[in-house]
Every structure is written in structure tokens, then in C-alpha cells.
Chemist: 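Input: one structure, supplied below.
Every number for a ligand or one of its atoms is a count from 1 in the order of the listing.
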Amino acid sequence: MSLPSASTASASADPGAAPAIGARQLTKRYGDFTAVDAISFRISRGESFGLLGPNGAGKSTTMRMIAAVAARTSGQMQVAGLDPEKQGPEVRARLGVIPQQDNLDEELSVRENIIMYGRYFGLPRRFLRAKADELLEFAQLSHRGRARVEDLSGGMKRRLTIARALVNEPDILLLDEPTTGLDPQARHVLWDRLFRLKESGTTLVLTTHHMDEAEQLCDRLIVVDHGAIMAEGSPQRLIREHSTREVLELRFGMDRNAETARLLEELLTHTDAGSGDVGFDHIEVLPDRLLVYADRAEAALEKIFAAEHKPMTSLVRRSSLEDVFLRLTGRSLVD
Ligand code: ADP
């Protein structure tokens with residue numbers, strides 16, 4: 001991989017080419033417990049692929065099997081055309097791995113962290129000195145090269161962890177919950193860096209339980225729950241297939257939400273002829289609010305007001321992956 005520059009052409013996934021990663025009936029059991037339950041997927045080269053699901057869904061376990069650090073119980077897997085179980089070192093040499101927790105060496109400076117990591121791969125010092133400069137610039141840390149790791153902010157540490165993982169010029173980058181724990185600004189800076197890597201042709205595989213992150217970064221994703229794949233597709237396609245175009249969020253007060261939901265369901269299902277179809281689908285009752293799924297949420301709200309229902313607050317928004325997850329599992333992804 002060469003780092004993106006102004007002249008780098010945007011690489012797009014080619015589904016016809018050999019996959020970057022392929023899994024068939026991939027299964028991992030811990031004793032009687034099945035953490036990953038016969039999942040199959042195929043990630044094209046240059047694709048940005050996400051595993052979206054709640055904590056405990058089996059995302060990290062799947063990543064560990066890809067990274068050749070956990071053995072599978074059954075099924076098949078290929079990474080860059082190799083079997084991680086039989087060719088672990090070769091697979092690891094092709095991967096950049098960004099774990100959930102930064103595991104930087106606090107004793108070393110920012111720049112030395114990159115150089116020492118490269119030494120583990122047996123890369124020569126001369127190469128690494130130039131590489132460290134390039135990667136520090138990419139990570140927007142050139143000015144902090146001599147700083148101690150402990151003096152970096154959370155976002156900077158994350159960027160250094162990513163820079164370090166790029167030292168062996170991997171074609172596949174595995175990121176486990178890349179922005180969990182970062183503030184919104186630091187997340188956006190990180191997303192920007194990941195976009196650049198994607199543009200340079202690096203295959204990105206990431207786990208997340210943040211739907212906005214999945215929507216921002218992933219060309220395609222699988223929604224996983226209890227170790228199984230619930231749905232697969234681009235964020236837009238998943239939303240189209242499993243939700244309405246828009247959602248109306250209403251608060252009537254905790255004690256009135258459920259009863260009001262029944263009345264609204266009746267109202268929106270049986271609309272008068274000629275009053276306009278709002279594309280109503282269904283209502284989800286959450287502890288604190290109602291989610292009215294309708295293609296035209298604003299029109300649904302007008303109808304609700306016209307029938308003298310007066311919510312305390314109302315909000316019209318587009319459907320998101322959170323709605324897809326709620327529809328597929330009956331549970332909210334936000335924990
Ligand atoms: P996620 O990354 O989606 O949060 P994990 O892959 O970490 O989920 O975990 C999936 C399930 O497997 C969880 O219920 C977890 O407790 C269990 N698990 C993970 N690692 C082990 C292990 N080494 N031994 C036993 N159970 C484990």
C-alpha cells in the first residue's frame with residue numbers, strides 16, 4: 001500500500017476478483033456456548049466492510065479468527081487467499097490490526113512506537129525511518145513525534161495505533177470498534193483518515209456498535225446478533241429493505257405511550273380516501289417514546305395533530321441502521 005496522495009486514483013471494490021476475505025459456515029464455540037454461529041460472507045478487495053451488532057454478538061471473535069489469533073471450531077476461511085489457521089504468520093504479515101484497546105508502548109516516544117513495531121516484522125531501520133515520517137504525517141502527528149505516548153489525547157493515540165498498524169504496508173486493515181470512547185471531533189478526524197486509506201485501495205474490515213459509524217464508513221455490512229447474520233447489504237439497501245423512508249419520533253409521556261400507540265395505529269392504518277397516503281408501516285413502543293414508521297412522516301404528523309393528539313415533543317428524521325436493527329431483532333442497538 002502507498003499512502004493516499006492527490007494523484008491516487010480511487011480504488012473501487014471488484015466483486016469478480018479473488019476476495020480479500022471469504023468465510024463459509026464459520027463457527028466458534030467456547031464449550032457449549034456458540035459465539036459465532038455458521039456465518040458466511042465475502043469481502044472484496046478495496047471494500048469497506050462492517051460487522052454491526054451489539055456487545056456480545058461475536059464480532060471480535062470473528063475478527064480474531066480473521067487475524068489468525070483464534071482458531072475456528074468449524075467452517076472455512078481464506079484471508080488474502082491463505083488459510084489463517086495453516087498460514088498464520090503469512091496472513092498476519094498481510095494484515096494491519098487495530099485492537100479495541102490501544103496497546104501502545106508507553107515507554108517509547110510516538111515515533112519510536114512505529115519504528116519498534118516495524119522491527120517486529122523484520123523491516124530494516126533505514127526503511128522504517130522514512131516510513132515513520134510518512135505515517136506520522138498521515139496520522140497528523142508529525143509535530144508530536146518525540147512526545148511520550150502518555151501525553152497524547154485519546155484521538156491521537158488511536159491515530160498512532162492506526163499509523164503503527166500500517167508500518168508493514170498491509171492490504172487489509174482490521175479495526176475493532178475504532179472510535180469507541182472518542183469524542184465527536186476526534187471520531188470525525190479518524191473517519192477522515194480511514195476514508196483516505198479506503199481511497200488508496202486498502203480493504204477495511206471494522207466492527208462497530210455505532211450505526212452512524214457503519215453508515216459513514218461501510219460500503220457493505222452484516223448485521224450480527226447472537227453470533228448469526230441477521231441481514232447483509234449496503235447501509236442504504238438495508239434501510240430500504242427493512243424500514244420506511246422516514247420515522248416520526250413522538251413523546252406523549254411514559255404512562256400514555258402504549259395506549260396512544262394503539263390509537264395512532266388505528267388512525268394511520270385507516271386513513272380517509274383522498275387524505276393522502278403517508279406510507280405508514282408500523283409503530284415501535286420504546287420506554288420513553290413512540291417510533292412511527294412512515295415514508296412521509298411529516299404528513300403522518302399532520303394527520304395526528306388533525307385528530308387532536310398532542311405529543312409533548314415530535315421529531316421527523318430519516319430511517320437509520322438503528323431502525324433496521326430494531327426491526328430485525330426487536331431490540332435497540334444503543335446500550
Ligand atoms: P462482540 O465483539 O460482538 O462484543 P465477542 O466476540 O467479544 O462479541 O463475544 C461473543 C460472545 O463470546 C460473548 O458472549 C463473549 O462473552 C463470548 N466469549 C468471547 N471470548 C470468550 C472466551 N475466550 N471464552 C468464553 N466465552 C467467550
Side-chain angles (χ1 to χ4, degrees), residues 20-43 47-79 84-85 88 91-92 95-103 154 158 161-162 165 172-182 187 190-191 194 203-218 220-233 235 238 242 320-335:
I21 299 173
R24 242 188 25 226
Q25 299 289 310
L26 183 68
T27 300
K28 177 72 180 179
R29 287 195 200 92
Y30 295 107
D32 290 344
F33 178 73
T34 305
V36 176
D37 195 1
I39 65 172
S40 302
F41 56 85
R42 187 186 155 98
I43 305 173
E47 195 172 26
S48 179
F49 187 87
L51 287 78
L52 176 73
N55 286 329
K59 305 182 299 294
S60 298
T61 306
T62 303
M63 292 292 248
R64 288 165 52 77
M65 289 189 280
I66 296 173
V69 291
R72 56 186 181 261
T73 307
S74 61
Q76 292 165 12
M77 180 146 70
Q78 288 224 319
V79 179
E85 220 141 281
V91 166
R92 283 192 289 274
L95 298 176
V97 179
I98 290 103
Q100 222 174 93
Q101 302 291 334
D102 293 318
N103 54 358
R158 226 58 282 255
T161 304
I162 293 175
I172 303 170
L173 210 54
L174 304 182
L175 302 117
D176 201 354
E177 300 280 353
T179 65
T180 292
L182 299 185
R187 296 180 82 202
L190 205 78
W191 285 346
L194 294 176
T203 307
L204 301 182
V205 185
L206 61 116
T207 72
T208 184
H209 65 276
H210 299 294
M211 67 256 166
D212 56 343
E213 181 156 277
E215 284 185 44
Q216 287 278 342
L217 290 181
C218 299
R220 209 157 54 84
L221 52 94
I222 50 177
V223 180
V224 285
D225 193 26
H226 300 303
I229 296 177
M230 310 295 292
E232 178 187 340
L238 287 169
H242 299 282
S320 73
L321 286 173
E322 172 69 19
D323 301 299
V324 172
F325 190 81
L326 188 63
R327 190 67 176 151
L328 290 171
T329 67
R331 288 182 292 121
S332 176
L333 196 50
V334 182
D335 47 14

Chemist: Between His242 and Leu328, does the side chain to side chain contact (heavy atoms under 4.5 Å, CB included) criterion hold? Intermediate values first, please.
Modeler: CA-CA 8 Å; His242 299 282; Leu328 290 171; 3.6 Å; yes

Chemist: I need the single residue from Thr203, Val91, Ile66, Val97 that forms a side-chain contact (heavy atoms from CB on, under 4.5 Å) with Ile172. Which is it?
Modeler: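 By the side-chain contact (heavy atoms from CB on, under 4.5 Å) criterion, Ile172 pairs with just one of Thr203, Val91, Ile66, Val97: Thr203.
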
Chemist: For ligand 1, what are the residues with a heavy-atom contact below 4.0 Å?
Modeler: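 Residues within 4.0 Å of ligand 1: Tyr30, Phe33, Ala35, Pro54, Asn55, Gly56, Ala57, Gly58, Lys59, Ser60, Thr61.
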
Chemist: As a quick check of understanding, evaluate side chain to side chain contact (heavy atoms under 4.5 Å, CB included) for Thr208 and Glu177, giving each step before the final call.
Modeler: CA-CA 5 Å; Thr208 184; Glu177 300 280 353; 4.2 Å; yes

Chemist: Quick one: does Arg92's side chain have a donor or acceptor within less than 3.5 Å of a partner on Ala68's backbone?
Modeler: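 Looks like yes, one N/O pair under 3.5 Å.
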
Chemist: If you compare all heavy atoms of Leu321 against all heavy atoms of Glu215, which two are closest, and at what distance to 0.1 Å?
Modeler: N-OE2, 3.0 Å

Chemist: Hey, mind stepping through Lys28 and Arg64 against side chain to side chain contact (heavy atoms under 4.5 Å, CB included) and telling me if it holds?
Modeler: CA-CA 11 Å; Lys28 177 72 180 179; Arg64 288 165 52 77; over 6 Å; no

